[in-house]
Q: 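Structure below; questions to follow.
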Amino acid sequence: MATGFFFDERCFWHSGGNYALTLPVGDLVQPLAAGGLPESPETKRRLKNLLEVSGLSAELDLRSATSADRTALERVHPASLLDRFKEMSDAGGGEIGLRTPFGKGGYEIAALSAGLATEAVRAVATGDLQNAYALSRPPGHHCLPDWPNGFCLLANIAIAIEAAKAEGLAHRVAVLDWDVHHGNGTEAIFYGRDDVLTLSLHQERNYPLDTGDLEHRGTDVGLGYNINVPLPPGAGHNSYLHAMEKIVLPALADFKPDIIIVACGFDAAAFDPLSRMLATADTFRQMTKQVRAAADDLCGGKLVLVHEGGYSEAYVPFCGHAVIEELAGSSITAPDPMAASLAIRQPNPRVEAFYATLIDEMADFFAKPPQDG
Ligand SMILES: [Zn+2]
């Protein structure tokens, strides 16, 4: 069975806002010569282009999708928010929530982004595809039901999960979020649920500042079904793989999902302007290998990756290529041109040992019965 790659040029046309990095332009903040928010089409378009140039595209089942419809959106978001978003979008664009500007037609583009995730999950859940990558844009993992934030306008993965559940295609879903920022939206939506396990590996106190704590393990029947792994700045390749081994893979094995969805951000990479971590393209490759093996063991290989953040235009394509090679089991490669340079820059053994101790302590914490956080 094939690996699907879901994308749509229209998602690359999502635009809006006058920012320099994440600062609104004005007063003493000069507009940037090239673009505004770091969430730009370039990271995604360059990933898609690299897949074409390397030849890997030819081994993938390339697809688009229809937009998530109003019923699908309303399973996660209140009608009042959707109405306001649609109205502003029709009127030329604007901004709702925090750092979520959009242009005319932004509503339809966001619904299409959610549609790419939804169709990828559906195709894998039904066995039409072995696994899939959805190049969703705008991203989704920060979006709360009633408060878009952090470049995320609709909760793509949550919308996809609720659609799959409504269609009876999946009952137990695990979401592993390795975007460098906390998956606060996905966490909030499923915090009181025991049918969706949410795991987030993120840089501690990056974004949002007030979420992502280790102690937040879910509530009511959802207690124990939310796992936060806040990693200190500077964590690199070994720390990420150690956290996967010690915390993520055992949690997936305990949960026994029907399907695994990865909120796949590439902003833990060393070159990212919005984080202070040291992951490399090989880190993402190895994590994909690990989670693919887990999916093989636990749920017939059903695995969907949905694109989230990642803001280095030069480096994201190499991280994405490595991940998609592993998904497809392909021998077509795009070697990381920065591999040697980043290998030298990994933490020294004393610092690595310190990070490993922190991760081991977190694993011990998760071995204890959860307290309502
Ligand atoms: Zn992010």
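Any value given below was found using the heavy atoms of this structure, including those in side chains, with hydrogens, waters and symmetry copies removed. One-based numbering, in listed order, for ligands and for the atoms of each. Sequential numbering from 1 along the given sequence is applied to the chain's residues.
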Q: For the Zn ion (ligand 1), what is the closest N, O or S atom on Asp179?
A: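 Answer by atom name: OD1.
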Q: With clusters defined by side-chain heavy atoms of hydrophobic residues (ILVMFWY) lying less than 4.5 Å apart, directly or transitively, does Ile157 cluster with Val323?
A: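 Hydrophobic grouping puts Val323 apart from Ile157.
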Q: Which atom, counting only N, O or S, brings Asp267 closest to the Zn ion (ligand 1)?
A: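 Result for Asp267 and the Zn ion (ligand 1): OD2.
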Q: Do the ring centers of His77 and Phe85 come within less than 6.0 Å of each other?
A: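 No; Phe85 has its ring centre 6.0 Å or more from that of His77.
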Q: Need the atom name: nearest N/O/S atom of His181 to the Zn ion (ligand 1).
A: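 This residue's closest N, O or S atom turns out to be ND1.
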Q: Do the rings of Phe7 and Phe12 sit parallel, tilted or perpendicular, given the 30° and 60° boundaries?
A: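 If you compare the ring of Phe7 with that of Phe12, the planes turn out parallel.
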Q: Would you call the rings of His216 and Tyr191 parallel, tilted or perpendicular if under 30° counts as parallel and over 60° as perpendicular?
A: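 Perpendicular, since the angle between the ring planes exceeds 60°.
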